[in-house]
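Position 1 is the first residue of the sequence; numbering continues from there.
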Amino acid sequence: MILLQLFLSFVKIGFLGFGGGMAILPMIYQEISEFSDMTQAEFANLVAVSQATPGPIAVNAATYVGYQEAGFLGSLVATVGVSIPALLLVVITVKLLTAFKESPVVKGAMMGIRPAAVGLVASAVVFIAIGTIFTAPLSSIRDVNSAAASLNFTAIAIATVTFFLAVKFKLSPIKLILAMGVLGAVVLS
């Protein structure tokens with residue numbers, strides 16, 4: 001039963017997850033919360049692993065969730081589930097866009113999709129940031145003092161330094177992830 005749930009959940013994510021990996025992270029979390037007891041902190045770990053390993057985030061997340069829920073077979077089923085819709089949609093979309101590339105409707109749709117993708121990525125940033133910078137669930141934070149007490153200042157510092165190095169020096173994301181992983185291991189161990 002769990003294999004079918006994994007497959008159907010990730011097929012749904014594959015068909016409805018527009019905007020790329022980061023943009024669909026909240027959808028992945030919402031979908032898997034129906035059959036998994038993964039916390040936001042565990043999901044933030046999933047995102048970190050998915051970012052640090054080669055490949056699309058959705059595929060890496062599907063593989064991770066599938067393995068966690070049902071071992072190797074679960075990872076295979078979830079990965080195939082999330083990949084099949086993308087393959088089908090890309091083939092169909094390329095054929096249609098090629099045929100109608102000069103259409104004002106197609107041009108307008110593309111102009112509307114870009115800002116929507118930005119909004120989805122921003123929502124993913126907020127979702128992951130909450131699970132990373134707060135040590136307590138948001139539902140337990142009642143006032144400014146409890147919010148301040150639950151802040152993870154090490155995580156905030158690492159995120160700030162990473163952002164600064166990425167923007168100012170255009171450092172490779174791989175180098176930044178590895179460097180911050182080493183820094184986190186040294187500082188937090």
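Counting only residues at least two apart or in different chains, side chain to side chain donor-acceptor pair (under 3.5 Å) contacts with residues 59-79 comprise Ser36-Glu69, Thr53-Asn60, Thr63-Thr79.
Shown here for Ser123 and Pro26, the closest heavy-atom pair between the two residues is OG-CG, 4.2 Å. Across all non-hydrogen atoms, the minimal contact from Ala61 to Ser50 is N-OG, 3.4 Å. Among all heavy-atom pairs drawn from Lys107 and Glu102, the shortest one is NZ-OE1, 3.5 Å. Of all the heavy atoms in Gly112 and Pro115, the pair that sits closest is O-CD, 3.4 Å. Nearest heavy atoms, Ala58 versus Ile28: CA-CD1, 4.4 Å.
One distance of note links CD1 of Ile13 with CG of Leu8; it measures 11.0 Å at 0.5 Å rounding. With rounding to the nearest 0.5 angstrom, the OG1 atom of Thr162 is 6.0 Å from the CG atom of Leu176. Summarising the geometry, atom CG belonging to Asn45 is positioned 9.0 Å from atom CE belonging to Met38; distances are rounded to the nearest 0.5 Å. With rounding to the nearest 0.5 angstrom, the CD atom of Glu42 is 3.5 Å from the OG1 atom of Thr39. Atom CG of Asp37 is separated from atom CD1 of Ile32 by 9.5 Å, given to the nearest 0.5 angstrom. Separating the CG atom in Leu89 from the CD1 atom in Ile84 is a distance of 12.0 Å, to the nearest 0.5 Å.
For Phe169, the ring pair (Phe, Tyr, Trp, His ring centres under 6.0 Å) partners at least two apart in sequence or on another chain are Phe164.
Judged by distance alone, with hydrogens and angles left aside, the side-chain atoms of Ser9 form no donor-acceptor pair with the main-chain N or O of Leu6 at under 3.5 Å.
Aromatic ring orientation, Phe43 versus Phe127: perpendicular (interplanar angle above 60°, classes split at 30° and 60°).
Residues Tyr29 and Leu138 are members of separate hydrophobic clusters, defined by side-chain heavy-atom contacts under 4.5 angstrom among Ile, Leu, Val, Met, Phe, Trp and Tyr. There is a path of hydrophobic side-chain contacts, each under 4.5 Å, that joins Ile156 to Ile141. When hydrophobic clusters are built by joining Ile, Leu, Val, Met, Phe, Trp and Tyr residues whose side-chain heavy atoms come closer than 4.5 Å, directly or via intermediates, Met110 is not grouped with Val121. Hydrophobic clustering of Ile, Leu, Val, Met, Phe, Trp and Tyr side chains at less than 4.5 Å, counting indirect connections, keeps Ile158 apart from Ile174. Cluster annotation: Ile130 and Val125 are assigned to distinct hydrophobic clusters (Ile/Leu/Val/Met/Phe/Trp/Tyr, side-chain heavy-atom contacts under 4.5 Å, transitive).
Within a 6.0 Å sphere centred on CZ of Phe15, heavy atoms belonging to other residues, nucleotides or ligands number more than 12. Within a 6.0 Å radius of CZ in Phe100, other residues, nucleotides and ligands contribute 12 heavy atoms or fewer.
Considering only heavy atoms from C-beta on, Val80 stays 4.5 Å or farther from Phe10 through its side chain. For the pair Phe134 and Asn152, the minimum side-chain heavy-atom distance is 4.5 Å or more. At a threshold of 4.5 Å between non-hydrogen side-chain atoms, the residues Val47 and Ile57 do not count as touching. Put simply, the side chain of Met180 reaches to within 4.5 Å of the side chain of Leu165, judged on heavy atoms.
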